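In the text below, chain A, chain B and the rest are named by the order of the sequence lines, each starting its count at 1. Note that this is a predicted model, so its numbers are computed, not measured.
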Amino acid sequence: MILARFLGPRVWLLVAALLAAAVLVPLSNLWLPADHPLHVPSHIVPLLGKYVCYALLALALDLVWGHVGILSLGHGAFFALGGYAMGMYLMRQIGPRGVYGNPVLPDFMVFLNWGELPWFWHGFDQFWFAALMVVLVPGLLAFVFGWFAFRSRVTGVYLSIITQALTYALLLAFFRNDMGFGGNNGLTDFKDILGFPIQAGTTRAALFAASCVALALGVLLVGAVTRSKLGSLMTAVRDAESRTRFIGWRPEYVKLFAFTVSAVMAGIAGALYVPQVGIINPGEFAPVNSIEVVVWAAIGGRGTILGPVVGALLVASSKSYFTAVAPDTWLFVLGGLFVFVTLFLPRGIIGTIDHGWTGWRERLKASRAAERGAGAPPAAPPQSPGDLPSPAE
Amino acid sequence: MMQQPIEPGPAEPFVSPHPYATQRALERRAKQTADGARRETLLYLDGVTKSFDGFKAINKLSLVLQKGEMRAIIGPNGAGKTTMMDIITGKTKPDSGEVFFRGDVDLTRHDEAAIASLGIGRKFQKPTVFESLDVDENLRLSLAGSRSVFSALRHKRTVEEAAKIEAILATTRLTDKRHRLAADLSHGQKQWLEIGMLLAQDPELLLVDEPVAGMTDAETAETARLLREIAETRSVVVVEHDMHFVRELGVKVTCLHEGSVLSEGTLDHVSADPRVVEVYLGR
Amino acid sequence: MLRQLRLCLALLLAALALAAPAHAQGPDIAAIVAKLGGKISFPDTEAVIAELAATGDPAAERPLRALAAGQLVWRDGDEAVFIATSGAEPTPLLDPVTGADAGTAPKDQLNKIRIKNSIRTAVDDALAGLTLRADDPAMRRRAAENLFAAADPEGIDVLDAALAAETDANVRAVMEQARAAAILKSDRPGADKEAAVTTLTARGDRPALNALTAFAAAAPAGEAQEAAARGAAQIEQTIALWGQAQNIWYGLSLGSVLLLAAIGLAITFGVMGVINMAHGEMVMLGAYTTFVVQEAIRTQVPWLFEWSLAIALPLAFLVSGSVGLVMERGLIRFLYGRPLETLLATFGVSLILQQLVRTIFGPTNREVGNPDWMSGAFQFGQMAITWNRLWIIVFALTVFAALLFALNRTPMGLQMRAVTQNRKMASAMGIRTPFVDAMTFALGSGIAGIAGVALSQIDNVSPDLGGSYIIDSFMVVVFGGVGNLWGTLVGAMTLGIVNKFLEPYAGAVLGKIVVLVLIILFIQKRPRGLFAQKGRFVDA
């Protein structure tokens with residue numbers, strides 16, 4: 001009861017909707033006859049599961065962007081790392097059923113004439129180990145990266161650009177065959193998961209349900225964190241980072257916490273995504289993927305919990321639609337969305353519903369005022385080469 | 001000008017990652033060692049210099065503040081007032097010179113958060129409050145207590161906490177604005193909220209930068225009253241241009257010019273000083 | 001039949017003699033070669049070879065090579081000599097001197113001119129001697145280089161003879177080096193060998209090093225041997241030095257590419273503080289402008305091709321600059337002071353531009369040609385320098401200097417600096433700040449377009465061109481220090497050189513990753529870059 005009031009009705013409605021979907025979609029897919037109007041066709045289930053994973057990724061990104069103000073352009077990296085950890089488990093599950101029939105080595109290693117399993121592939125035949133790595137690898141990377149970045153006070157666009165560089169570096173690395181992750185082709189041809197055939201309807205339904213539950217848990221987690229005192233602190237860090245230092249907080253640790261938790265969530269999303277789409281390849285590290293995540297959160301409304309979920313479902317499903325109907329137009333649509341949202345819908349859909357629409361004339365006025373007012377745009381370094389700072393105090 | 005400590009401080013001041021541990025250890029050590037003149041002071045700056053690209057914002061500045069003292073700092077633009085505050089609060093590291101708090105805490109070795117935890121609060125020239133949080137949350141974040149991320153995550157509201165906030169709201173006359181977003185407050189109310197946040201931190205020393213800029217006369221008088229009240233239990237340094245306000249405070253005044261102390265004493269003494277007149281009115 | 005063939009041959013030879021009067025002056029090669037017909041002894045064959053060599057006529061090369069390869073045959077009956085490259089039935093024949101088609105003959109009527117190893121050696125020497133006296137200095141030089149590689153003591157006499165006649169200093173030098181290499185392998189007295197060591201040490205490249213180390217290892221201890229060891233060590237040092245120089249050159253080359261890509265960004269991001277994620281697409285537009293210009297020239301006025309880049313430059317500046325202008329007026333000006341949203345919106349623009357180019361020009365690489373003055377390479381010491389790289393370095397530095405001039409010495413540049421330093425004050429002074437913003441952004445974009453023209457010469461022109469530079473460009477600007485053009489220059493060159501020095505150890509891709517990681521670590525240490533703005537307000 002206390003928890004219910006604490007989190008607010010919206011979070012609980014979302015959680016309830018997700019849990020209902022987790023039950024109803026598999027039921028409808030498995031039990032209703034194919035011609036029933038409420039039947040969910042089998043090819044739709046993994047597609048929906050994919051969207052739910054995207055929603056979890058968007059929620060993870062929003063934890064750092066919407067609530068702490070860190071725009072990460074590299075969250076796709078954590079997603080992909082979680083996916084690779086799961087993919088490695090699924091590869092090991094193939095066993096002797098691969099094309100080359102090697103009981104231990106995945107096909108691509110046989111193809112590369114590798115004699116034995118690289119050390120980092122050991123343990124991935126155990127699900128618990130893979131599951132641990134799904135959490136640990138993205139979490140650790142985020143922790144180490146964040147430790148360096150936040151402690152040295154790299155903020156704003158600088159941070160965004162180095163997160164993008166991070167995923168770009170991983171993209172280059174995973175494309176290499178000798179990295180031992182299948183190079184260009186990635187990991188695919190999975191057979192089964194936890195002993196269940198991966199293509200089976202029941203397995204897919206279960207994976208969908210698992211994704212919904214994971215998203216529901218993510219929503220609860222983000223809800224709980226943002227409603228706590230830490231949540232206020234996060235907002236404080238987002239709005240006036242240096243001010244929090246002067247009342248004794250260390251914003252770098254707040255950011256580090258949020259960034260690490262967020263990376264773990266992204267990793268879990270990736271791990272659930274891979275068995276449903278059946279492949280993981282270095283393309284997931286592409287910077288453009290990470291940026292697409294940003295647009296999901298932006299369209300839905302950042303910092304609203306519901307927003308990123310809605311945004312991800314909306315944009316990802318329209319992507320499926322456009323790439324099927326007119327593949328050439330999708331990038332126009334996506335690019336247009338970026339421009340549209342930043343210009344006309346800066347609070348996103350949910351934020352606009354909550355706070356009302358700020359007319360674009362008003363915002364133009366505001367930006368003009370900013371132009372006239374507070375001197376140079378804040379990101380602009382105020383001095384040009386070699387000039388002394390004015391001694392004004 | 002400064003009295004040198006009888007015995008030089010420990011070569012390596014004790015620094016622990018935990019601010020409270022540092023504080024306690026330093027207190028213990030302070031008791032053990034012989035009392036020097038410096039140890040009796042609350043804030044001790046000696047020969048502090050800081051330059052930006054060759055421009056000396058602070059030049060061999062020396063300043064001593066006794067425990068419980070309230071001090072007004074005046075000076076024309078560019079005298080180094082804000083840079084001095086930056087140095088005390090750890091935002092800027094001085095090029096040379098000593099900065100000690102409570103006699104032997106070397107402030108140049110701590111960062112902003114640690115210095116804030118040591119008990120130095122700062123109010124900025126431009127009021128900076130957390131605009132998307134309400135007044136209550138602003139104060140709650142400032143309340144003294146553990147500053148760890150995980151304790152913030154597990155934090156539960158207590159009756160004591162509520163009582164403290166209640167008291168501060170009353171002092172700063174913001175009780176009826178408790179659940180307003182800070183962004184919706186007027187300029188003067190933001191200034192007071194920031195002073196309230198300072199009080200919530202329960203600091204030993206308050207640094208207040210131009211607290212009455214942009215305030216009405218009534219608000220100014222109210223602020224002076226508030227600061228005098230605060231100064232009964234804590235030490236306060238006020239930077240201010242408004243001579244009326246400084247006179248109303250009725251405390252010792254230090255005039256800075258070009259990064260060093262030009263004149264020190266009562267307001268009458270300082271304003272009679274020909275050098276001060278020269279600086280303010282020009283030759 | 002035979003008669004006709006012979007007639008044909010005679011006619012052909014006559015035609016050849018007319019066509020190549022220079023060759024007709026010396027002794028008749030064909031006549032000498034004809035002596036090989038019929039059964040002759042090995043000493044006779046060697047005599048003929050010597051006679052051919054003595055002519056010094058390059059025309060003797062073909063029969064000699066055929067002889068060494070065992071392809072020289074004579075025909076039963078008239079004992080005429082031919083080249084037979086295949087053993088087919090009937091065997092096709094070639095004229096031994098001109099290489100012209102000389103009909104066919106049944107296989108059993110042809111007799112191969114026998115050879116043995118000593119004949120082959122004699123042919124090789126003769127050939128070396130022949131080409132050593134060719135008319136073309138490049139050919140003589142090549143022949144000398146071959147002899148250098150062979151380092152055969154037998155060749156010393158030939159070289160001596162050639163040296164006596166040689167006039168070209170460069171060719172002479174190579175001949176002397178070849179002679180020195182041969183001497184080291186011969187049984188000549190120590191003094192000669194010492195001189196040879198000196199010559200080789202002076203040559204100072206890897207083959208010279210090999211010759212010297214081989215000699216130092218094999219020869220009995222003595223002054224010459226010691227000198228060779230010393231020389232080898234010296235050369236090793238020189239080679240290492242040249243290796244470093246080559247690396248630095250590659251690094252500068254990469255650095256200039258980075259500089260070109262980043263310099264526009266140094267304006268839009270560094271000076272204005274606008275995060276333009278579509279910056280790479282501005283570069284791409286410049287490259288496609290070059291493509292369009294070249295296509296137009298190819299179809300309309302092919303003789304202008306050499307000038308295509310010069311024509312493309314202003315056009316690319318205009319194209320990218322006006323796209324930038326439209327972006328600033330239509331989008332970015334609404335987002336000043338909101339860097340993260342600017343980043344997102346401009347990223348959207350970059351997607352749209354990419355897809356637009358993909359729709360118009362197709363997703364595949366487009367062919368952009370190099371004008372003659374951009375292609376080829378030349379040798380500088382022991383480094384190979386390609387013209388296009390050299391020109392791009394020159395070009396990058398020129399653009400840099402021009403930009404520096406424009407910002408620091410022109411009224412518009414003064415206004416730009418004024419606006420970026422203190423917008424309010426500039427506005428109060430009567431500067432139209434929105435206009436200056438738009439112009440600054442257009443300038444940055446236009447320069448990106450110019451960079452695209454240059455990059456089209458060394459990179460694939462595809463819709464993804466921009467994407468591959470954007471991260472590097474940001475890295476350069478951030479590393480060099482935001483708001484500082486000199487920082488951009490030093491940053492680009494440093495990154496270029498570091499990259500190239502890492503490559504041999506880490507490979508190209510891993511080297512790039514290492515550089516990225518190094519930059520990330522560097523930003524930890526100096527969050528404001530190499531040439532950071534110092535001052536009290538940078539944090540504000």
Side-chain angles (χ1 to χ4, degrees), chain A residues 2 6 66-69 146 150-153 221-222 224-261 302-304 347 351 354-355 374 382-383 385-393, chain B residues 19 52-55 57 75-83 89-91 111-125 128-134 136-138 140-145 147-157 182-183 194 197-198 200-201 203 207 258:
Chain A
I2 296 166
F6 179 54
H67 297 280
V68 199
F150 301 138
R151 265 171 41 109
S152 49
R153 304 192 184 177
L221 176 72
V222 174
V225 168
T226 51
R227 294 295 172 101
S228 71
K229 185 178 177 186
L230 181 60
S232 310
L233 183 55
M234 285 174 167
T235 312
V237 169
R238 183 188 70 193
D239 289 353
E241 177 177 342
S242 69
R243 189 68 181 86
T244 60
R245 291 183 202 282
F246 289 105
I247 53 175
W249 295 101
R250 292 189 181 275
E252 54 269 31
Y253 295 146
V254 177
K255 293 170 158 189
L256 191 58
F257 173 82
F259 197 63
T260 310
V261 168
R302 59 192 136 111
T304 58
R347 293 179 200 271
D354 286 355
H355 296 277
Q383 285 95 36
D387 284 291
L388 279 174
S390 65
E393 198 168 341
Chain B
F52 296 102
D53 284 342
F55 166 72
N77 278 335
K81 301 184 297 283
T82 302
T83 307
T89 51
K91 189 179 175 204
D111 68 357
E112 297 102 310
I115 290 173
S117 294
L118 280 171
I120 298 182
R122 179 174 183 185
K123 198 203 93 48
F124 286 83
Q125 190 173 338
T128 39
V129 292
F130 305 119
E131 307 229 328
S132 352
L133 298 177
D134 64 21
D136 183 84
E137 284 169 315
N138 265 289
R140 210 172 279 274
L141 278 183
S142 315
L143 274 183
R147 291 293 194 245
S148 104
V149 169
F150 289 98
S151 75
L153 184 61
R154 286 192 309 265
H155 183 83
K156 286 200 182 67
R157 302 184 176 206
E194 212 182 352
M197 287 162 73
L198 271 188
Q201 266 178 274
L207 304 175
E258 288 176 350

*Asks:* Count the heavy-atom pairs under 4.5 Å between each of B:S142, B:G90, B:S132 and chain A, then report the option with the highest count.
*Replies:* B:S132
*Asks:* With distance as the sole test, does B:E137 use its side chain to make a donor-acceptor pair with the main-chain N or O of A:A236 at under 3.5 Å?
*Replies:* no
*Asks:* Looking at chain A, which one of B:L133, B:I115, B:V129 has the largest number of heavy-atom pairs inside 4.5 Å, strictly under?
*Replies:* B:L133
*Asks:* Atom CZ in A:R245, atom CD in B:E112: separation rounded to 0.5 Å?
*Replies:* 5.5 Å
*Asks:* Looking only at non-hydrogen atoms, find the nearest pair between A:G248 and B:S117 and report the distance.
*Replies:* O-OG, 3.8 Å
*Asks:* Taking all non-hydrogen atoms of both residues, which atom of A:I247 and which atom of B:Q201 are closest, and how far apart?
*Replies:* CG2-OE1, 3.3 Å
*Asks:* Considering only heavy atoms, which portion of B:S148 lies under 4.5 Å from any heavy atom of chain A: side chain, backbone, both, or neither?
*Replies:* backbone
*Asks:* Less than 4.5 Å apart, side chain to side chain, heavy atoms only: is that true for B:F124 and A:R243?
*Replies:* yes
*Asks:* If every non-hydrogen atom of A:S232 is compared with every non-hydrogen atom of B:L141, which pair is closest and at what distance?
*Replies:* O-CD1, 3.8 Å
*Asks:* Of all heavy-atom pairs between A:R250 and B:A113, which one has the smallest distance, and what is that distance?
*Replies:* CG-CB, 3.7 Å
*Asks:* Chain A heavy atoms under 4.5 Å from B:N138: which part of the residue, side chain, backbone, both or neither?
*Replies:* neither
*Asks:* With a 4.5 Å limit on heavy-atom distance, are the side chains of A:F246 and B:T89 in contact?
*Replies:* yes
*Asks:* Pick from B:R157, B:H155, B:R154: which one makes a side chain to side chain contact (heavy atoms under 4.5 Å, CB included) with A:K229?
*Replies:* B:H155
*Asks:* Relative to chain B, which segment of A:F257 carries a heavy atom at a distance below 4.5 Å: side chain, backbone, both, or neither?
*Replies:* side chain
*Asks:* Might you point out which heavy atoms bring B:V149 and A:V254 nearest each other, and give the distance in Å?
*Replies:* CG2-N, 3.7 Å
*Asks:* Is A:S242 close to chain B through its backbone or its side chain, or both, or neither, when contacts mean heavy atoms under 4.5 Å?
*Replies:* neither
*Asks:* Pick from A:L233, A:V237, A:T244: which one makes a side chain to side chain contact (heavy atoms under 4.5 Å, CB included) with B:F130?
*Replies:* A:T244
